[in-house]
Structure formats: structure tokens, C-alpha cells
Amino acid sequence: MTQERIHRINELARKKKSVGLTPEETAEQAVLRKEYLAAIRESLEAQLDNVYFQEPDGSQTKLKKKGE
């Protein structure tokens, strides 16, 4: 997600509070929000892929996904 897209999300949010959005802008805002949330989830998942637990015996166990 580029900084320009984040600025556009914020711009649309400010406009929605003050003046209101056109149907086209509402659709654009929805698409941008979905992209933003996908980027956040991807970043978090990549971060969690590098998490290890230190066991009492000194070994390290990789964090597993739910259901694995």
C-alpha cells in the first residue's frame, strides 16, 4: 500500500464527515479500505511467521497457525 493511497483514504474519510461522498467516491473508499486491510493482514502474517517460543529446556518452537 503506497502512501498516496493512504492519503486518499484519509481524504475521503474527511470529506465523508464534512460534505458527504458521491456513490463513486463511496465505492472507491470501499476498495481502498479492502486493499489497506489486506496489506495489514499480510504484514501481520509475515511478522507472526517469525515468532518462536522459548521452551523451558532451551529449545525454540515455531508459532503454528490455528488448526495445524
Side-chain angles (χ1 to χ4, degrees):
M1 168 111 335
T2 64
Q3 197 64 28
E4 292 170 359
R5 288 186 173 271
I6 293 172
H7 286 301
R8 181 65 179 156
I9 291 170
N10 292 331
E11 182 181 305
L12 289 171
R14 282 190 294 276
K15 184 175 179 188
K16 182 178 181 180
K17 286 181 182 178
S18 63
V19 181
L21 298 176
T22 64
E24 294 83 18
E25 289 172 331
T26 304
E28 179 187 5
Q29 185 182 39
V31 168
L32 289 171
R33 282 183 175 170
K34 284 181 183 179
E35 286 179 21
Y36 181 73
L37 289 174
I40 295 271
R41 287 185 183 108
E42 184 180 320
S43 173
L44 180 60
E45 191 171 327
Q47 202 171 13
L48 290 174
D49 284 342
N50 295 316
V51 172
Y52 291 87
F53 291 105
Q54 182 84 29
E55 300 295 335
D57 64 357
S59 65
Q60 293 184 344
T61 306
K62 185 170 177 65
L63 179 67
K64 296 179 183 175
K65 289 186 178 181
K66 191 174 183 178
E68 282 186 5

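In what follows, every heavy atom counts, from backbone to side chain, and hydrogens, waters and symmetry copies are set aside.
- Here the NZ-NZ distance, from Lys66 to Lys64, works out to 15.5 Å after rounding to the nearest 0.5 Å.
- Counting heavy atoms from C-beta outward, Leu32 and Tyr36 have side chains that stay 4.5 Å or more apart.
- Hydrophobic cluster membership is shared by Val51 and Leu44, with clusters built from Ile, Leu, Val, Met, Phe, Trp and Tyr side chains linked at under 4.5 angstrom.
- The neighbour count for Arg8 CZ, taken as heavy atoms of other residues, nucleotides or ligands under 6.0 Å away, is above 12.
- Contact between Met1 and Ala39 at its shortest, heavy atoms only, is CB-CB, 4.1 Å.
- A 4.5 Å side-chain heavy-atom check between Leu21 and Lys15 finds at least one atom pair inside the cut-off.
- Side-chain contact check for Leu63 versus Phe53: some heavy-atom pair is nearer than 4.5 Å.
- The one candidate from His7, Lys17, Glu28 that meets the side-chain contact (heavy atoms from CB on, under 4.5 Å) condition with Leu12 is Glu28.
- Between the side chain of Glu25 and the main chain of Thr22, a donor-acceptor pair closer than 3.5 Å is present.
- No path of Ile, Leu, Val, Met, Phe, Trp and Tyr side chains, each step under 4.5 Å between heavy atoms, connects Ile6 with Val31, placing them in separate hydrophobic clusters.
- A salt bridge does not link Glu11 with Arg14: none of the charged nitrogens is closer than 4.0 Å to a carboxylate oxygen.
- Annotation for Lys34: atom NZ does not count as buried by contact number, only 12 or fewer foreign heavy atoms lying within 6.0 Å.
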(request) Please step through side chain to side chain contact (heavy atoms under 4.5 Å, CB included) for the pair Lys65 and Glu45, ending with a clear verdict. (result) CA-CA 10 Å; Lys65 289 186 178 181; Glu45 191 171 327; 3.1 Å; yes
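- A distance-only check finds no donor-acceptor pair linking the side chain of Ser59 to the backbone of Glu55 [under 3.5 Å].
- Within a 6.0 Å sphere centred on CD of Gln60, heavy atoms belonging to other residues, nucleotides or ligands number more than 12.
- With sequence neighbours left out, Lys16 forms a salt bridge (charged side-chain N to carboxylate O under 4.0 Å, His left out) with no residue at all.
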